[in-house]
J.: 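Sharing a structure, written as structure tokens. Questions coming.
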Amino acid sequence: MDREARQGLTLIAPPFLYALAILAAPVLTILSYSFLTDGYLEVIGEFTFGNYIQVWSDPIVRAVLLRSLAVSAAVTVVTVLLAFPVAYYLSFVVKPERKSMWLFLITIPFWTSYLIRVFLWKVILGYNGVINSSLTGLGIIDQPLTFILYNVNSMVLTLAHAYAPFAILPIFVALEKIDRSLLEAGRDLGENRLMTFWRVTLPLAMPGVVAAVLIVFIPTIGDYVTPELIGGGKIPMIANLIQVQMLALDNRPLGSALAVTAMLVVAVVSLIFLWLNRRFLRVKQ
């Protein structure tokens with residue numbers, strides 16, 4: 001091994017070991033617990049596949065997992081569709097000297113805790129919240145609306161707002177990397193703005209869109225706070241089910257099996273999306 005290779009290994013060793021400790025160790029712990037047997041207020045060190053059999057055969061788990069996938073997919077679609085025009089406007093319309101200010105404004109939601117933002121949406125959508133109070137005060141409705149809180153729609157709205165900056169920024173970066181001369185060449189060849197966007201801008205921006213999709217989809221499927229507060233605990237997702245098994249029922253092996261299953265499902269869906277994206281880019285080329 002030459003000197004440069006040793007220096008490189010010495011340089012990356014500390015962050016690698018740190019990442020291994022804080023990422024790999026918890027995952028391996030959860031994985032090992034998922035193959036153990038649950039006892040009364042203790043975990044018995046007996047190897048078993050029973051936890052996974054129970055998870056995969058339980059219709060309640062399947063229903064909750066499918067709901068989690070559906071909610072996460074809806075949040076991802078809404079977030080990316082709303083984020084793309086913002087990123088496009090910021091990249092192609094805003095003057096270069098003002099882009100920093102716009103990026104600063106986009107990151108303002110990060111100044112407050114995620115939990116506080118969820119509570120604020122509960123205040124806005126509540127029975128006596130901002131929306132109901134405004135509509136009642138204007139005489140538009142006689143009774144407060146009850147369908148804008150504690151349902152899937154309110155959860156999608158809250159999560160889309162919370163993860164909007166995570167979608168805007170990678171799409172903006174991808175749009176900034178596009179060579180503007182390619183767009184001018186498309187228009188010189190007779191393409192209108194819509195077709196130039198569809199055949200040039202969108203394919204070149206797809207890496208940012210893919211990054212935005214994954215950044216939004218992966219954490220939202222395991223979100224615990226929003227279903228608990230905005231959903232009122234009436235619409236549990238997979239993270240809520242894991243919490244019940246881990247803490248309320250003290251069944252750590254089954255909770256670990258649920259967590260591993262959720263991670264596998266997310267990994268499979270993400271890989272499928274990446275494969276479809278590569279096919280899309282290959283067709284466009």
J.: Linking Ile, Leu, Val, Met, Phe, Trp and Tyr through side-chain heavy atoms less than 4.5 Å apart, which residues share a cluster with V77?
T.: L81
J.: Return yes if some donor-acceptor pair links the side-chain N/O of N51 with the main-chain N/O of L36 below 3.5 Å, else return no.
T.: yes
J.: My understanding is that only residues two or more places apart in sequence, or in another chain, count here; which of them pass side chain to side chain contact (heavy atoms under 4.5 Å, CB included) with V55?
T.: V61, L254, A257, L258, T261
J.: Backbone N or O of M237 within a donor-acceptor pair of the R67 side chain at under 3.5 Å?
T.: no
J.: Between V152 and I235, does the side chain to side chain contact (heavy atoms under 4.5 Å, CB included) criterion hold? Intermediate values first, please.
T.: CA-CA 7 Å; V152 172; I235 312 173; 4.1 Å; yes
J.: Under 3.5 Å, side chain of T107 to main-chain N/O of F104, donor-acceptor pair present?
T.: yes
J.: If you group Ile, Leu, Val, Met, Phe, Trp and Tyr by side-chain heavy-atom gaps below 4.5 Å, do V64 and V244 land in one group?
T.: no
J.: Which residues satisfy the side-chain hydrogen bond (donor to acceptor under 3.5 Å, both in side chains) test with N132, sequence neighbours excluded?
T.: none
J.: Atom CG in L135, atom CD1 in I141: separation rounded to 0.5 Å?
T.: 4.5 Å
J.: Between T158 and V118, does the side chain to side chain contact (heavy atoms under 4.5 Å, CB included) criterion hold? Intermediate values first, please.
T.: CA-CA 7 Å; T158 303; V118 173; 4.2 Å; yes
J.: Hey, is the main chain of F217 close enough, under 3.5 Å, to the side chain of T220 for a donor-acceptor pair?
T.: yes
J.: Residues in side chain to side chain contact (heavy atoms under 4.5 Å, CB included) with L264, at least two apart?
T.: V260
J.: Identify whether W56 and V269 are in the same connected component of the hydrophobic contact network (ILVMFWY, side-chain heavy atoms under 4.5 Å).
T.: yes
J.: Side-chain heavy atoms under 4.5 angstrom apart, residues restricted to Ile, Leu, Val, Met, Phe, Trp, Tyr: same cluster for V123 and W111?
T.: no
J.: Does atom CD1 of I60 have more than 12 heavy-atom neighbours, drawn from other residues, nucleotides or ligands, at distances under 6.0 Å?
T.: no
J.: Using modelled atom types only, decide if a donor and an acceptor are shared between the side chain of S68 and the backbone of I238 within a distance under 3.5 Å.
T.: yes
J.: Keeping to residues at least two apart or across chains, list the salt bridge (Lys or Arg N to Asp or Glu O under 4.0 Å) pairs with something in residues 32-61.
T.: none
J.: Taking only residues two or more places apart in sequence, or in another chain, which ones meet F92 in a ring pair (Phe, Tyr, Trp, His ring centres under 6.0 Å)?
T.: Y88
J.: Distance-only check: which donor-acceptor pairs under 3.5 Å involve side-chain atoms of residues 203-214, not counting sequence neighbours?
T.:
none

J.: Which pair of heavy atoms, one from P165 and one from P170, lies closest together, and at what distance?
T.: O-CD, 4.4 Å
J.: Quick one, T226 and D223 - any side-chain contact, counting heavy atoms below 4.5 Å?
T.: yes
J.: Can you tell me how far apart OG (S72) and CD1 (I221) are? Round to the nearest 0.5 Å.
T.: 5.0 Å
J.: Working to the nearest 0.5 angstrom, can you tell me the gap between S256 OG and N251 CG?
T.: 8.5 Å
J.: Go through the structure and list residues passing side chain to side chain contact (heavy atoms under 4.5 Å, CB included) with N153, not counting sequence neighbours.
T.: N151
J.: Could you go through F172 and L103, starting from their C-alpha distance and side-chain angles, then the distance that decides it, and tell me whether this counts as side chain to side chain contact (heavy atoms under 4.5 Å, CB included)?
T.: CA-CA 10 Å; F172 167 74; L103 291 173; 3.9 Å; yes
J.: In Å and rounded to the nearest 0.5 Å, what is the CG to CH2 distance from L157 to W121?
T.: 4.0 Å
J.: For residues V93 and I106: do they belong to one hydrophobic cluster (side chain heavy atoms under 4.5 Å, members Ile, Leu, Val, Met, Phe, Trp, Tyr)?
T.: yes
J.: Can you list everything that forms a ring pair (Phe, Tyr, Trp, His ring centres under 6.0 Å) with Y163? Sequence neighbours excluded, please.
T.: F166
J.: Side chain of T79, backbone of V75: donor and acceptor closer than 3.5 Å?
T.: yes
J.: State yes or no: do L125 and L115 share one hydrophobic cluster built from I, L, V, M, F, W and Y residues joined by side-chain heavy-atom distances below 4.5 Å, directly or via other members?
T.: yes
J.: How many angstroms lie between NZ in K122 and OG in S154, if you round to the nearest 0.5 Å?
T.: 10.5 Å
J.: Starting at CE of M155, measure out to CG of L229 and round the result to the nearest 0.5 Å.
T.: 10.5 Å
J.: Listed by chain and number, what are the side chain to side chain contact (heavy atoms under 4.5 Å, CB included) partners of L120, not counting sequence neighbours?
T.: I116
J.: Check L90 against V94 and note the closest heavy-atom contact, atom names and distance.
T.: O-CB, 3.6 Å
J.: Just distance, no hydrogens or angles: give the donor-acceptor pairs under 3.5 Å from side chains in residues 14-35, sequence neighbours left out.
T.:
| from | atom 1 | to | atom 2 | distance (Å) |
| --- | --- | --- | --- | --- |
| T29 | OG1 | A25 | O | 2.8 |
| S32 | OG | L28 | O | 3.2 |
| S32 | OG | T29 | O | 2.7 |
| S34 | OG | L31 | O | 2.5 |
| S34 | OG | Y52 | OH | 2.6 |

J.: Please collect all salt bridge (Lys or Arg N to Asp or Glu O under 4.0 Å) contacts where either partner lies in residues 95-112, sequence neighbours excluded, each pair once.
T.: K99-E176
J.: How far apart are the C-alpha atoms of S270 and I218, what are their side-chain angles, what is the distance that settles it, and do they pass the side chain to side chain contact (heavy atoms under 4.5 Å, CB included) test?
T.: CA-CA 8 Å; S270 300; I218 292 174; 4.0 Å; yes
